[in-house]
Every structure is written in structure tokens, then in C-alpha cells.
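Worksheet for the structure shown next.
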There are 2 protein chains.
Amino acid sequence: MSVTIKDIAKLAGVSHTTVSRALNDSPLINPETKERIKAIAGSMNYTPNYSARSLVLDRSYNLGLFFTTLHTGTSAGFLYEAIKGVNDVIKDDYNLIVRGIDDYKSFHKVNRKNFDGIIVMSQSESDQSFIEYASDKEIPLVVLNRPVESVQVMNFVPDDQSGAYRLTEYLVQQGHRHIAIIEGKKGFKSTQARRDGYCEALRKHGISVPETYFVSGNYDLESGHAAMSKLLELPDRPTAVFCCNDDMALGAVKAVTERGLSVPEDISVAGFDDHLFSAFMSPALTTVRRPIEELSRAGAEKLLKFIETKHSEKSVVLFHTELVIRDSVKSL
Amino acid sequence: MSVTIKDIAKLAGVSHTTVSRALNDSPLINPETKERIKAIAGSMNYTPNYSARSLVLDRSYNLGLFFTTLHTGTSAGFLYEAIKGVNDVIKDDYNLIVRGIDDYKSFHKVNRKNFDGIIVMSQSESDQSFIEYASDKEIPLVVLNRPVESVQVMNFVPDDQSGAYRLTEYLVQQGHRHIAIIEGKKGFKSTQARRDGYCEALRKHGISVPETYFVSGNYDLESGHAAMSKLLELPDRPTAVFCCNDDMALGAVKAVTERGLSVPEDISVAGFDDHLFSAFMSPALTTVRRPIEELSRAGAEKLLKFIETKHSEKSVVLFHTELVIRDSVKSL
DNA sequence: CATAGAAATGCACACGTTAACAATGCTATT
DNA sequence: AATAGCATTGTTAACGTGTGCATTTCTATG
């Protein structure tokens with residue numbers, strides 16, 4: 001039913017090979033016939049059958065963008081920026097396939113035949129088996145957002161720890177000594193890194209905080225709200241709270257205002273990520289910017305280059321995170 | 001390099017035809033040999049080559065999820081919910097390909113060979129050409145979010161107009177008579193529908209507002225902020241503002257608090273969409289819930305059923321929108 | 001015992017594309 | 001004029017899978 005190169009060949013009075021070569025701009029073909037064939041193809045509205053091409057070329061034209069999960073733990077802004085970044089880079093001739101790793105019962109269908117390359121937006125060490133699997137199958141692979149040690153891969157990660165360090169240090173510089181932390185989802189690497197940065201800064205400045213200042217969350221709005229509610233009940237209420245992402249910070253601010261208190265007058269709040277909405281919160285959120293879109297773009301570019309040249313350094317590249325000072329932290 | 005059915009055949013001492021049939025659970029095959037072959041396939045770690053299968057079966061195993069754009073106009077929450085909804089439904093044997101329609105230079109590569117089915121999250125009439133193209137190519141097609149008249153397609157849309165009507169009516173019932181609107185992106189169908197619902201409610205209650213109460217936005221945070229800033233400068237400042245989505249509402253609230261005013265004491269604000277963060281704004285946002293995730297899920301289910309059975313009613317199905325009353329509107 | 005028919009398997013081709021190799025005609029060099 | 005070599009095109013096979021039809025073997029029926 002649909003047009004094939006053989007149909008074109010018949011009409012042009014040449015062999016289908018010649019058509020194939022002409023359409024692929026082979027230098028073997030006489031420029032005139034090439035033009036003629038292209039014209040015919042155009043007029044017949046020809047589109048190549050990618051399955052056939054894939055079969056013989058052993059390429060799928062599929063690129064996978066995998067997240068740890070599409071459920072709790074992955075915020076909307078994170079997903080959005082990642083897709084946008086990757087999508088901006090990949091050429092017209094790749095399909096971008098989006099998927100949560102935890103949606104796979106078996107990785108069976110993930111192989112070189114089905115994916116020309118894979119980008120993993122890794123948030124948790126639970127992805128490890130997937131990453132190792134893909135690496136083992138020799139699928140071109142870029143891992144973003146989380147450092148991977150066990151396997152050699154192209155690896156781009158934002159420097160969460162130093163971001164958290166600088167933010168916490170900033171809180172200290174503003175005169176805060178009672179600084180609590182609302183942590184991210186358990187098991188996520190970023191959770192650990194941000195906590196480490198926080199602890200490091202406190203230690204450096206000789207500040208110690210009670211255990212009750214460590215409250216767990218899971219990166220979503222509700223958990224931020226719940227965690228802050230706990231903190232506000234404390235007899236020795238903190239003067240500042242570092243929320244490990246902006247979503248939780250929004251929830252936390254809510255918990256404060258609900259009690260008739262206000263940010264930053266009664267308590268200071270800081271976040272992490274710098275999502276789109278953070279600048280528009282009331283008060284505008286002091287946070288740490290993580291360049292997710294840039295990271296995704298860089299990752300996609302690297303992957304494409306690797307697919308083309310089959311060559312690249314497999315090492316961890318740290319992306320700079322940046323302290324963004326706004327209005328949610330009071331100077332004491 | 002990778003295992004094929006012929007390799008299995010050799011090992012099992014049968015023809016590759018038998019292997020193919022066995023793995024596809026054909027009733028033609030002796031149950032015992034079938035089991036034996038399956039065992040061998042498993043031990044050899046066989047995965048079918050989808051390109052080859054696609055070629056002969058004329059199916060791509062690709063499902064497309066297309067947005068009007070991945071840039072301004074599509075909010076993170078919208079993208080997130082849509083992907084989540086669709087992803088929850090599609091079986092393990094489909095690839096979900098995500099893409100912005102405005103990223104295509106030519107629709108060339110969109111055809112039945114490359115897509116078993118397409119879901120269009122349509123926000124603008126600019127998608128019309130794409131929808132007609134896909135429909136013309138006889139690709140199984142579901143259009144979500146925006147009613148389509150020119151072509152017969154499966155079409156699921158939230159009832160934005162009546163949602164906006166009820167919300168506006170609610171504002172009136174709370175005693176507001178000076179109600180402004182911050183509109184959505186020009187050219188988007190939803191912009192029109194929400195405006196219509198707003199106007200209808202005002203008319204019904206015999207309220208007229210000055211032209212200056214219609215301020216244009218484009219569904220993003222900045223535009224909400226800018227629009228509200230304008231409104232606040234007005235000599236006859238409105239007592240309530242209907243923002244055509246939650247993102248703009250957040251931006252609008254920001255503009256209010258920046259001026260030392262507060263919501264809802266000095267001015268009431270309402271939104272539209274009910275994104276995840278809306279309940280956690282301060283104050284919690286009164287808005288209209290649009291069941292995007294459910295819509296996406298329903299759309300995906302419908303599409304899969306159609307692909308299987310080749311049969312379905314092509315008509316518009318309205319999804320109910322729901323007024324969500326929170327704390328951002330004051331009773332006068 | 002002959003035979004019809006069912007059950008199980010194999011043969012051969014098709015899907016649409018690319019590419020190694022062969023073939024042809026032409027030009028330039030000796 | 002013979003030939004080497006280039007430019008251009010065609011022949012043919014290959015990629016891995018599914019399926020119509022033929023073939024073989026076995027069972028049941030008369």
C-alpha cells in the first residue's frame with residue numbers, strides 16, 4: 001500500500017539499488033539521475049520504512065530517557081526540564097522514548113537492537129542493576145544526576161554536596177545557629193549528598209544540632225508539609241530550615257503560614273533545585289540552582305557524539321550548582 | 001552476535017519456523033517441544049528483533065504522545081500528569097515516544113509504519129494540521145484536551161467552559177462584583193473556553209466589567225505576575241482575579257505580596273487546573289480541577305482498544321471539571 | 001487392512017532496505 | 001589501438017521474523 005523504493009525504481013526505470021543510493025546521497029550516482037529520482041520520490045510522497053532500514057543497519061533510531069520512577073520522588077519540574085533538554089538536542093531522526101525504570105518487570109526488551117542509546121536520569125541506587133545491565137549489553141549509555149562507580153559510564157552530575165554546603169554556610173552567615181534539615185527520599189543518592197553538604201558546613205562552623213533537627217521527607221509537597229509541622233512543634237524550634245528540594249520547601253512554607261506564622265519573619269526556609277515556580281513563591285525562595293536542563297542537553301549531546309564516533313571519555317563530570325539568594329531567609 | 005530463532009532452531013534440532021511458532025504460543029506445536037524450545041530460548045537469553053518483526057507484521061510497537069509544544073504554554077505539571085497517565089496504561093510491549101509537534105519541520109516520519117497509534121495532547125488549533133495529517137494517514141488517533149471538529153477522531157476533553165463558569169459564579173456568590181481575568185495563551189482553545197465560561201457567568205448575573213479587566217497572559221508564571229501587576233495599578237482595582245491556570249495564579253499572588261498586600265484579604269485570586277502544588281500555596285489556591293491524568297489514562301486505554309479491535313465510536317467525550325474551594329478567595 | 005484425516009513439522013518466500021560484488025560503457029594513457 | 005581505470009548502474013544476497021502451503025507421521029474409522 002505505501003510507496004517503496006521499488007515503486008520508485010519502476011517509475012524511474014532504474015534498479016531499486018540506484019534509488020536507495022540516490023536517496024542516501026551516495027556519490028556513486030550521477031547527479032542528474034539523483035535529482036530525477038529525488039523528484040519522483042518527493043512526488044510519490046515516499047517515506048522510508050524504518051523497520052526495514054533498522055533491520056539491515058542494525059540501528060533502531062530509538063533513544064531512551066529513563067527515570068528512576070515516574071511516581072513519587074520525581075517532581076514534575078524535574079521531568080519537564082529533563083525532557084526539554086534532551087528533546088532540544090536530538091535530531092529529527094531519533095525517537096525519544098520516556099519511561100520509568102521501575103515500570104519494567106524485566107529488562108528483556110532493553111537491548112542494542114531496540115535502543116541506539118540510553119540516557120538514565122538516575123536518582124537512586126536502585127537503578128544500579130539497570131545501569132549495569134545496559135552497560136553489560138554495550139548499549140551506549142549516559143548516566144545523569146547521580147555518580148556511578150561500579151561501572152565505567154559517561155556520567156554527568158550536579159554537585160549537590162557543595163551546593164548544600166554553600167547554602168548551609170549562607171544560613172550560618174546570616175546568623176542562624178539552629179538549622180534543621182528536611183531530607184529527601186530515603187535511598188536516593190541526592191538525599192545523602194545534600195545531607196552531607198549540610199553536615200559538613202555545620203561541622204566546619206562548629207555548630208551542633210539535636211537529632212530532632214533531622215526530619216525525613218520524600219521530595220514531595222506533602223512530606224515537606226508534614227516535616228515542617230513536626231519541626232514547629234519542637235520545644236527548641238529551629239530558626240532556619242533547609243528543605244532538600246523546592247517542592248518540600250513549598251509544603252514547608254505552607255505549614256508555617258497555616259499556623260499564623262510567617263516566612264522569613266518567624267522562621268527561615270531554604271530549598272534546593274530552583275524550579276520554575278521557586279522565584280514566584282511568597283516569599284521568593286532562597287535555594288540552590290541545579291542546571292537540570294543544561295545537564296540533560298549536555299548528556300544528550302555526548303550520547304549522540306558517542307553513537308557517531310564510538311569514542312569518548314567515560315568519566316564523571318561535575319556540574320556547578322549555584323546559590324540563589326531570594327527572600328525566604330532572614331538575617332538575624 | 002545476538003541470538004536469533006535460527007540459533008535456537010539449530011540447538012533444538014528443529015526448523016526456525018517451529019521455534020517462531022513455539023515462542024508465539026501457536027497451537028500447532030506439540031506442547032512438549034514448545035516447552036523445550038522455550039527453555040532453550042530462555043537459557044540462551046533470546047530477545048526477539050523488533051525491527052524484523054515490525055517489518056513483517058507491519059507494526060512498530062511505538063505509541064506517540066504529542067504535545068502542542070514542549071516550550072512555553074505547556075506547564076510542567078501538565079506534562080507530568082499526561083505522561084504518568086498514559087504510561088500507567090500502556091503495556092510492556094509499547095514504546096512511548098514523547099514529542100512536541102512544533103519540533104517537527106515536516107511530518108514526513110509520522111506514519112503508520114512508525115506509529116501504531118498516536119495520542120495528541122492538543123492545546124492549540126495550530127495542531128490542526130498535524131491532527132488532520134495523522135487522521136489522513138489513517139493512524140489510530142486519540143485527541144485529548146481540545147475538541148476537534150474538522151475531523152472525526154476519538155476525542156476526550158475536560159469541560160473547561162463550565163468549570164470556568166462555576167468558578168466565576170462562586171466568586172459572585174462570595175460577593176464579588178469586580179472580577180478580572182488573566183487569560184491564557186493566545187490561540188489556545190482552552191483560553192477561549194475559560195474566557196467564555198467567565199463571560200457567561202458574568203452575563204448571567206448581570207455584571208459588566210471594564211475592558212481593562214481582561215489582561216492577556218500565556219500560561220506561565222511570569223505572565224501571571226506581569227498581568228496582576230497591571231491590574232493592581234488600575235484605579236478601579238478588582239476585588240477578585242480569575243487566573244486561567246494555576247501557574248499564572250502563583251505568579252499573580254507573588255505580584256500581590258510584593259506590594260505588601262495579601263491574598264485574600266486585599267484581593268482574591270482563583271486559578272484553574274489544580275496542579276499538585278496548588279493545595280500547598282499560601283494561601284491554598286481556590287481553583288478548578290482538571291482530571292488530566294484520568295483523561296490521559298482513558299485516552300490511552302481507548303487507543304489500545306482501538307488498535308486491537310479496530311473499532312470504536314469517534315465522538316467527543318466531556319470530562320467533568322470540579323470546583324475546588326480553598327483559601328484564596330475572601331467572602332465580601 | 002486401507003484410507004481419511006488430524007497433528008506436527010519443514011520449506012520457501014515475503015517484508016523493504018542496504019551493500020558487496022559484478023557488469024557495462026566510456027575516457028585517458030601508452 | 002589496446003588497455004587500464006573510472007563512473008555509473010544492476011544483480012544478488014542479507015538482515016530476522018512470520019506464514020501459506022507441502023510433507024510426514026500417526027491415529028482412528030470403516
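A note on names: the letters A, B, ... follow the listed sequences, proteins ahead of strands, and every chain is numbered from 1.
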Without decimals, in angstroms, what is the distance between B:R59 CZ and D:dG16 P? 21 Å

B:F66 ring center within less than 6.0 Å of B:F115 ring center: yes

Rounded to whole angstrom units, what separation is found between the CG atom of B:N49 and the P atom of C:dG16? 17 Å

Between NZ of B:K6 and C1' of D:dT17 the distance, given in whole Å, is 9 Å

Under 4.0 Å between a side-chain N/O of A:Y61 and OP1 or OP2 of C:dT17, yes or no? no

Would you please confirm or rule out a distance under 4.0 Å between OP1 or OP2 of C:dT18 and any side-chain N or O of A:R53? yes

Could you tell me if the ring centre of B:F78 sits under 6.0 Å from that of B:Y219? no

Looking for any heavy atom pair under 4.0 Å, which part of the strands does A:T17 touch: base, sugar-phosphate only, or nothing? base

Would you say B:T33 places a side-chain N or O within less than 4.0 Å of OP1 or OP2 belonging to C:dT9? yes

Nearest-Å distance for atom pair NZ/P, residues B:K113 and C:dG16: 6 Å

Would you tell me if any nitrogen or oxygen in the side chain of A:T18 comes within less than 4.0 Å of OP1 or OP2 on D:dG10? yes

Measuring from the side chain of B:I5 (C-beta onward, heavy atoms only), which nucleotide among D:dT11, D:dT17, C:dG10 has the closest atom? D:dT17

Nearest-angstrom distance from the residue atom CG of B:D25 to P of D:dT19: 14 Å

So CD1 of A:I29 and CZ of A:R36: to nearest 0.5 Å the spacing works out to 11.0 Å

Atom NZ of B:K109 and atom C1' of C:dG16 are separated, to the nearest Å, by 17 Å

Both A:V56 and A:N30 contact DNA chain D. Which one's nearest nucleotide lies toward the 5' end? A:N30

Nucleotide nearest B:P31 (side chain, heavy atoms from C-beta), chosen from C:dA19, C:dA8, C:dG16: C:dA8

Round to the nearest Å and state the distance from A:H16 atom NE2 to D:dA14 atom P. 14 Å

DNA chain C: 5'-proximal contact among B:S15 and A:L55 (nearest heavy atom): B:S15

Rounded to the nearest 0.5 Å, what separates atom CD1 in A:I119 from atom CD1 in A:I97? 12.0 Å

For the backbone of A:S124 and the side chain of A:R146, can you confirm whether one donor and one acceptor N or O come within less than 3.5 Å of each other? yes

Classify B:Y50 by what it touches in the nucleic acid, base, sugar-phosphate, or nothing, heavy-atom distance under 4.0 Å. nothing

Nearest-angstrom distance from the residue atom CD1 of B:I29 to P of C:dG10: 8 Å

What is the nucleic acid contact for B:L28, judged by heavy atoms within less than 4.0 Å: base, sugar-phosphate only, or nothing? base

